Amino acid sequence: MKNKKITRKITQGMYVLTTKGGGCMVDAVSQISATDNPLIAVAVMKNNYTHDLMKKNNSFALSVLGLDVNVDIIKTFGLNSMRDINKFENIPTNEIMDLPIIEDSLGYMICEKIDAISNETHTLFIGRLIEADVYKEEPAMSYNYYQEHKDELLKIKTENGKTTWVCTICGYIYYGDTLPENYQCPVCGVGPEMFEKK
């Protein structure tokens, strides 16, 4: 494969996926039917704690992020695991149909899970839209915008004098002179080819 970064040109948004017990940042979200209650698909990495929650829960929500979203939301839900911290502790949410919705969002979709399709790295969860609302009529943040402005948004800080490798997908920082040959990002699961030396 010559340059996998071309996949960033696929039009996608940035969302906070929530379900009972947790949540994470996602970008692979699609509407896959056009009925009054359309089907919504979201892909979740298998090594993500939220993936385990999605498997056992029957509903999920997607909060749509705008260009002016509080960057603490991206840092909290994109660079941490619920195994380590309570992501909801410092992020204001609204409780709707027993699911946490991000207050600082453009709106939300709540889906009843109806199917799940597994592949090597992700599970595609499919839900039927049962509740939704728009909070703000503003442009949504695209995945491409996030990638182009990630350093500015996340303001990645490194320790002086240490060799640093930064994941170009999620911003995770690894310290060391070299990356192990088969290293995988512990947050988003990508391999060493997606890390940049800083």
Side-chain angles (χ1 to χ4, degrees), residues 10-118 121-143 145-146 153 169-170 187-189:
I10 297 172
T11 302
Q12 299 176 148
M14 296 296 291
Y15 310 84
V16 174
L17 167 69
T18 51
T19 189
K20 290 177 185 175
C24 66
M25 290 283 300
V26 293
D27 57 81
V29 173
S30 298
Q31 179 178 332
I32 57 173
S33 76
T35 61
D36 288 342
N37 296 94
L39 298 180
I40 307 294
V42 55
V44 185
M45 291 198 70
K46 288 184 173 179
N47 65 354
N48 196 309
Y49 180 70
T50 304
H51 177 273
D52 298 338
L53 298 174
M54 289 284 286
K55 284 178 70 177
K56 65 182 184 181
N57 291 333
N58 295 320
S59 61
F60 61 89
L62 291 157
S63 298
V64 182
L65 301 186
L67 294 177
D68 63 348
V69 68
N70 180 345
V71 295
D72 287 341
I73 293 170
I74 296 174
K75 291 177 181 178
T76 300
F77 285 90
L79 304 181
N80 296 283
S81 171
M82 285 289 287
R83 294 183 184 99
D84 305 316
I85 69 164
N86 177 1
K87 295 183 182 182
F88 301 107
E89 189 172 27
N90 297 312
I91 303 295
T93 59
N94 297 317
E95 198 81 10
I96 301 174
M97 298 184 73
D98 295 325
L99 293 172
I101 306 297
I102 303 299
E103 274 189 18
D104 184 16
S105 66
L106 301 185
Y108 67 89
M109 297 169 270
I110 295 178
C111 297
E112 175 188 13
K113 188 179 73 179
I114 63 167
D115 204 355
I117 302 167
S118 179
T121 59
H122 289 68
T123 297
L124 185 70
F125 293 97
I126 300 171
R128 188 174 303 283
L129 187 65
I130 55 174
E131 178 66 33
D133 201 2
V134 176
Y135 291 154
K136 304 176 192 173
E137 293 286 358
E138 297 175 7
M141 181 183 292
S142 70
Y143 179 66
Y145 177 92
Y146 168 75
L153 287 167
I169 301 301
C170 72
V187 173
C188 70

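Given the structure is predicted, the values throughout are model-derived calculations rather than measurements. We're numbering straight along the sequence, starting at 1.
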State whether the number of non-hydrogen atoms from other residues, nucleotides or ligands found under 6.0 Å of Lys113 atom NZ is greater than 12. yes
Quick check on Glu137: does its CD atom have over 12 non-hydrogen neighbours (other residues, nucleotides or ligands) under 6.0 Å away? no
Within the 4.5 Å heavy-atom criterion, are [X] and [Y] side-chain neighbours or not?
X      : Y      : value
Cys24  : Met82  : no
Val26  : His122 : no
Met109 : Phe60  : no
Val16  : Met25  : yes
Val29  : Val64  : no

Which pairs, with at least one residue in residues 26-47 and sequence neighbours excluded, count as a side chain to side chain donor-acceptor pair (under 3.5 Å)? Gln12-Asp27, Lys46-Ser118
Can you check whether [Y]'s main-chain N or O pairs, donor with acceptor, with [X]'s side chain at less than 3.5 Å?
X      : Y      : answer
Asp133 : Tyr108 : no
Thr123 : Ala116 : no
Ser63  : Leu106 : no
Lys20  : Asp98  : no

Measure the [atom1]-[atom2] distance between [X] and [Y] for me, rounded to the nearest 0.5 Å.
X      : Y      : atom1 : atom2 : answer
Met141 : Leu67  : CE    : CG    : 6.0 Å
Asn48  : Ser81  : CG    : OG    : 6.5 Å
Asp72  : Asn90  : CG    : CG    : 8.5 Å
Ser105 : Glu138 : OG    : CD    : 10.5 Å
Ile40  : Glu112 : CD1   : CD    : 13.5 Å

Determine whether the aromatic ring centres of residues Phe88 and Phe77 are separated by less than 6.0 angstrom. yes
Tell me, with the steps shown, if Met14 and Tyr143 meet side-chain contact (heavy atoms from CB on, under 4.5 Å). CA-CA 6 Å; Met14 296 296 291; Tyr143 179 66; 3.8 Å; yes
Set out, in order, the CA-CA distance, both residues' side-chain angles and the distance that settles side-chain contact (heavy atoms from CB on, under 4.5 Å) for Leu99 and Glu131, then state yes or no. CA-CA 11 Å; Leu99 293 172; Glu131 178 66 33; over 6 Å; no
For Ile101 and Tyr135: C-alpha separation, side-chain torsions, deciding distance, then whether side-chain contact (heavy atoms from CB on, under 4.5 Å) applies. CA-CA 11 Å; Ile101 306 297; Tyr135 291 154; 3.8 Å; yes
Assess the residue pair Tyr146 and Ile74 against the criterion (side-chain contact (heavy atoms from CB on, under 4.5 Å)); give the C-alpha distance rounded to whole Å, side-chain angles, the decisive distance to 0.1 Å, and a yes or no. CA-CA 10 Å; Tyr146 168 75; Ile74 296 174; 3.8 Å; yes
